[in-house]
Amino acid sequence: MRVGRLAAYAGLFVLGAVVGAAGSLVQGGFFPAGLLLALVGAAGAFYGGSRAIGGKAGAVAPAAGWLVVVMLLTATRPEGDFLFGAGLGSYGFLLGGMAVAVMCATLGQGAQPSASAARLGK
C-alpha cells in the first residue's frame, strides 16, 4: 500500500468524522430538513469516497469516521449531558446514516472487466 493511498484513506476518515459531527448538530436543529440534509451529506461523503478511491474501501473509510464520531456523541457524560435526544430525528439519523453507509459500501465501484474481456467471442 502506498503512502498516497493511506493519506487518502486518512483524509476520508477525517471527512467522515466532520460530516458526522456536523450532521449530529444539524439534524436536531432543523428537524425535518436538517435530518434530510445530514443524511444527504453523509451519503455524499460515502459515495464520493468510493468514487474517489475507485473501490468499496473508499466508502468504508468515511463511514468509519462517521460512526466513531456519532457513537462518541451518543455517549452520556457524568453530568448527564448528551447531544442526542430520544426522538424520531435522532434515531432516523443513526439508523439512516448506517443504512446509507452500508448501501454506499455495497454499491461501491467494483472491478469491471475491460472492453476486450466483456465480449469473449471477439
Side-chain angles (χ1 to χ4, degrees):
M1 197 173 272
R2 294 196 168 111
V3 176
R5 199 170 227 3
L6 288 175
Y9 287 135
L12 286 172
F13 183 87
V14 171
L15 175 69
V18 169
V19 168
S24 299
L25 297 173
V26 169
Q27 63 86 21
F30 312 104
F31 170 61
L35 176 62
L36 183 62
L37 180 65
L39 291 176
V40 167
F46 304 154
Y47 185 70
S50 73
R51 296 291 293 181
I53 296 294
K56 297 177 183 185
V60 173
W66 182 90
L67 186 65
V68 166
V69 167
V70 169
M71 288 297 130
L72 287 175
L73 292 175
T74 58
T76 59
R77 296 179 40 197
E79 296 86 18
D81 299 336
F82 54 90
L83 189 62
F84 287 98
L88 182 65
S90 298
Y91 291 124
F93 178 66
L94 292 172
L95 297 175
M98 287 184 225
V100 166
V102 168
M103 283 189 285
C104 290
T106 304
L107 298 174
Q109 281 186 316
Q112 296 291 322
S114 65
S116 62
R119 301 186 86 190
L120 299 175
K122 301 272 178 172

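- Under the 4.5 Å side-chain contact rule for hydrophobic residues, Met103 and Phe46 share a cluster.
- In the hydrophobic cluster analysis, where Ile, Leu, Val, Met, Phe, Trp and Tyr join through side-chain heavy atoms closer than 4.5 angstrom, Phe13 is grouped apart from Val18.
- Scanning both residues, Arg5 and Ile53, for their nearest heavy atoms gives NH1-CG2, 3.5 Å.
- Val100 and Val70 fall within a single hydrophobic cluster, where Ile, Leu, Val, Met, Phe, Trp and Tyr side chains are chained together by heavy-atom contacts under 4.5 Å.
- The shortest heavy-atom contact between Ala43 and Cys104 is O-SG, 4.0 Å.
- A continuous path of hydrophobic side-chain contacts links Leu25 to Val69 [ILVMFWY only; heavy atoms under 4.5 Å].
- Minimum heavy-atom separation, Gly58 to Leu12: O-CD1, 3.7 Å.
- Listed by chain and number, the hydrophobic cluster partners of Val102 come to none, as no ILVMFWY side chain reaches under 4.5 Å of it.
- How far CH2 of Trp66 is from CE of Met71: 6.5 Å, rounded to the nearest 0.5 Å.
- Paired with Gln27 under the rule side chain to side chain contact (heavy atoms under 4.5 Å, CB included), one option of Leu35, Leu36, Leu37 passes, and it is Leu35.
- Taking hydrophobic clusters as Ile, Leu, Val, Met, Phe, Trp and Tyr residues chained together by side-chain heavy-atom distances below 4.5 Å, Leu73 does not share a cluster with Val68.
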